[in-house]
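See structure below.
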Amino acid sequence: MSLGDLDPIIHTPKRLAAMAMLANAEYATFQFLKDHIGLTDSDLSKQMSTLESAGYVKATKHGRGPGSTTSYAMTRQGGRAYRAHRAALYAMLADEPSPSGP
Amino acid sequence: MESSLDPSEHRRTLEVAEAAPYVGMPPSPWWVPPAFGGWFAAYLGSFAFWRESEILFILAMVVLTGGVGAFLGWYSRRHGALPVPGRGNPPPEIRGEYRRYAVGVLVIVGAVAAVWWWAGLLVACLAAFVLVTAGLSLYQVRYERAAATVRERLA
């Protein structure tokens, strides 16, 4: 396994964190992702737009005006990409020599 | 810089984020177990209408189902994310609590069915209220403890 097996869209830490959260939830709100990844509104919007453009997540808006919320759910394509990325990462780590090894 | 991440750091980001939907929520309010106990007792009680009035039975089912839907809506708005057991990669501590929860549900359903068989519907409703309230209270305490362990491990 090599770095080339990792998905370049998911590989950045911010998008990886968003994908990992969405892989473990039916959906997550913009606020939840923002609070747990620790991003500004504009940065999170940018990251989520990239994931949406790749077809990995789907956004849904609820309500209108100041009380409106946006939530995100992972698409099937996103789920497949995430699982493949995760498997490649764990395989890479398994290949790594142990720090205390011979 | 952002993509030149060390793989073990990458895994850590992944583990923390995967755990967030399970452990990043505010604790459940105290009234949730008795409310669910009451809901389950009412659900059973609605079977009293089964032979008396089909309309009342269906109406009760619709109201109770709507109540669960409203609760889930409120809960997921409050939490901001809705983890679904059986999907994703919950932390091992939480997976253990999910397993105990599933066993607990089977035990309670079996116990309530037995009470219904031997003592009738009214007593079964009472048993359902007590067992579901006690079971959920215990689950809440255990889950919160497991979530605290996960938060500490990943801090």
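By convention in this document, chain letters (A, B, ...) are assigned in the order of the sequence lines, proteins followed by strands, and residues within each chain are numbered from 1.
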With a 4.5 angstrom heavy-atom cut-off, is it the side chain or the backbone of [X] that approaches chain B, or both, or neither?
| X | answer |
| --- | --- |
| A/Phe30 | neither |
| A/Gln31 | neither |
| A/Leu33 | neither |
| A/Tyr90 | side chain |
| A/Ala17 | both |

So do the side chains of B/Met25 and B/Arg78 get within less than 4.5 Å of each other, counting heavy atoms only? no

Can you tell me how the ring of B/His79 sits relative to the ring of A/Phe32, calling it parallel under 30°, perpendicular over 60° and tilted otherwise? perpendicular

Please state whether the rings of B/Phe71 and B/Trp74 are parallel, tilted or perpendicular, taking 30° and 60° as the class boundaries. tilted

Hey, which of A/His62, A/Met19, A/Met21 has the most heavy atom pairs under 4.5 Å with chain B? A/Met21

Output yes when a side-chain donor or acceptor of A/Arg15 lies under 3.5 Å from a complementary backbone atom of A/Leu51, and no otherwise. no

Would you say OH of B/Tyr98 has more than 12 non-hydrogen atoms from neighbouring residues, nucleotides or ligands within 6.0 angstrom? yes

If you count heavy-atom pairs within less than 4.5 Å of chain A, which of B/Pro21, B/Pro83, B/Gly88 leads? B/Pro21

In a check of side chain to side chain donor-acceptor pair (under 3.5 Å) between A/Tyr56 and each of A/Thr75, A/Thr50, A/Asp7, which one passes? A/Asp7

